Student: 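If you scroll down you'll find the structure; I have some questions about it.
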Amino acid sequence: EVQLVESGGGSVQAGGSLSVSCTGVGFTSGDSVDMGWGWYRQAPGNECDLVSTISDDGATYYADSVKGRFAISRDNAKNTLYLQLNSLKTEDTAMYYCTRRYYGMDYWGKGTLVTISS
């Protein structure tokens with residue numbers, strides 16, 4: 001089966017940093033398969049918003065709210081996605097979800113909670 005498992009969430013003071021990770025299980029590389037990664041987040045009472053993506057060729061995207069503060073990266077050998085969260089704000093508090101595209105479908109992890117205190 002195909003699974004995504006997030007880790008690294010926790011509680012951090014505003015202005016601090018945190019790194020979250022996502023490990024893919026069961027994904028098999030193929031020449032014609034788009035396997036881009038992404039991070040979403042959902043704060044209490046809010047919609048689930050796209051935070052950042054990284055494509056197969058390494059191109060990245062960041063939502064305006066996190067641009068300049070967060071950094072997405074991957075380790076293909078480890079089948080792992082990372083998100084470095086810096087200069088954290090209370091509004092960054094959310095459940096962070098890892099996603100990955102595979103054979104035209106988007107797979108989701110169960111999420112890891114990031115809580116920022118003032």
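For clarity, every value in this text was computed on a predicted model and none was experimentally measured.
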Student: Give me the atom names and distance for the closest heavy-atom approach of Y62 to F70.
Tutor: CE2-O, 3.3 Å

Student: If I compare all heavy atoms of G8 with all of L18, which pair ends up nearest, and what's the gap?
Tutor: O-CD1, 3.5 Å

Student: Are any non-hydrogen side-chain atoms of V2 and R100 less than 4.5 angstrom apart?
Tutor: no

Student: Using a 3.5 Å distance criterion without hydrogens, assess whether the side chain of T112 forms a donor-acceptor pair with backbone atoms of G9.
Tutor: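 Yes; judged by distance alone, with no hydrogens or angles, the pair exists.
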
Student: Can you name the nearest heavy-atom pair linking S87 to R69, along with the distance?
Tutor: O-NH1, 3.0 Å

Student: Is there a side-chain contact between T23 and L4, using heavy atoms and a 4.5 Å cut-off?
Tutor: no

Student: Under the side-chain contact (heavy atoms from CB on, under 4.5 Å) test against Y82, which residue among I72, I54, D75, V20 passes?
Tutor: D75

Student: In Å, rounded to the nearest 0.5 Å, how long is the span from CG of L113 to OG of S11?
Tutor: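 If we round to the nearest 0.5 Å, L113:CG and S11:OG are 8.5 Å apart.
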
Student: Given side chains that start at C-beta, do those of L83 and L81 come closer than 4.5 Å, heavy atoms only?
Tutor: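 Of all side-chain heavy-atom pairs linking L81 with L83, none is under 4.5 Å.
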
Student: Hey, what's the ring geometry for W108 with Y40, parallel, tilted or perpendicular (30° and 60° as the breaks)?
Tutor: tilted

Student: Can you tell if the side chain of Q84 reaches within under 4.5 Å of the side chain of S17, non-hydrogen atoms only?
Tutor: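 Counting from C-beta outward, Q84 and S17 do come under 4.5 Å.
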
Student: Check whether S65 reaches the backbone of A63 with its side chain - one donor and one acceptor, N or O, closer than 3.5 Å.
Tutor: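 Not confirmed, S65 side chain does not pair with A63 backbone.
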
Student: List the atom of D34, the atom of D56, and the distance in Å for their closest heavy-atom pair.
Tutor: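 Heavy-atom minimum between the residues: CA-OD2, 3.4 Å.
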
Student: Go through L85 and Y96 one step at a time and tell me if the side-chain contact (heavy atoms from CB on, under 4.5 Å) criterion holds.
Tutor: CA-CA 11 Å; L85 300 79; Y96 283 72; 3.8 Å; yes

Student: If you define the side chain from C-beta out and look only at heavy atoms, does anything of E6 sit under 4.5 Å from W39?
Tutor: yes

Student: Counting only N and O atoms by type, is there a donor-acceptor contact under 3.5 Å from the side chain of T99 to the main-chain atoms of Y107?
Tutor: no

Student: Taking the six-membered ring for Trp, are F27 and W37 parallel (under 30°), tilted (30 to 60°) or perpendicular (over 60°)?
Tutor: tilted

Student: Applying disulfide (SG to SG under 2.5 Å), which residue pairs with at least one partner in residues 54-118 are found, sequence neighbours left out?
Tutor: C22-C98

Student: Shortest non-hydrogen contact from A43 to A94?
Tutor: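 Distance-wise, the nearest heavy atoms are N-CB, 3.7 Å.
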
Student: State whether D92 and K89 are salt-bridged, where the test is any N-O pair (Lys NZ or Arg NE/NH1/NH2 against Asp/Glu carboxylate O) under 4.0 Å.
Tutor: no

Student: Show the nearest heavy-atom pair for residues Y97 and G109, with the distance to one decimal.
Tutor: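 Scanning both residues, the minimum pair turns out to be CD2-O, 3.6 Å.
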
Student: Could you tell me whether R101 atom CZ has more than 12 heavy atoms of other residues or ligands within 6.0 Å of it?
Tutor: no

Student: Salt bridge check, R41 against D49: does any charged N sit closer than 4.0 Å to a carboxylate O?
Tutor: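 Answer for the salt bridge query: no.
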
Student: Check side-chain hydrogen bond (donor to acceptor under 3.5 Å, both in side chains) between S117 and all other residues, then give those that pass, not counting sequence neighbours.
Tutor: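 Scan of S117 (side-chain hydrogen bond (donor to acceptor under 3.5 Å, both in side chains), adjacent residues dropped) gives none.
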
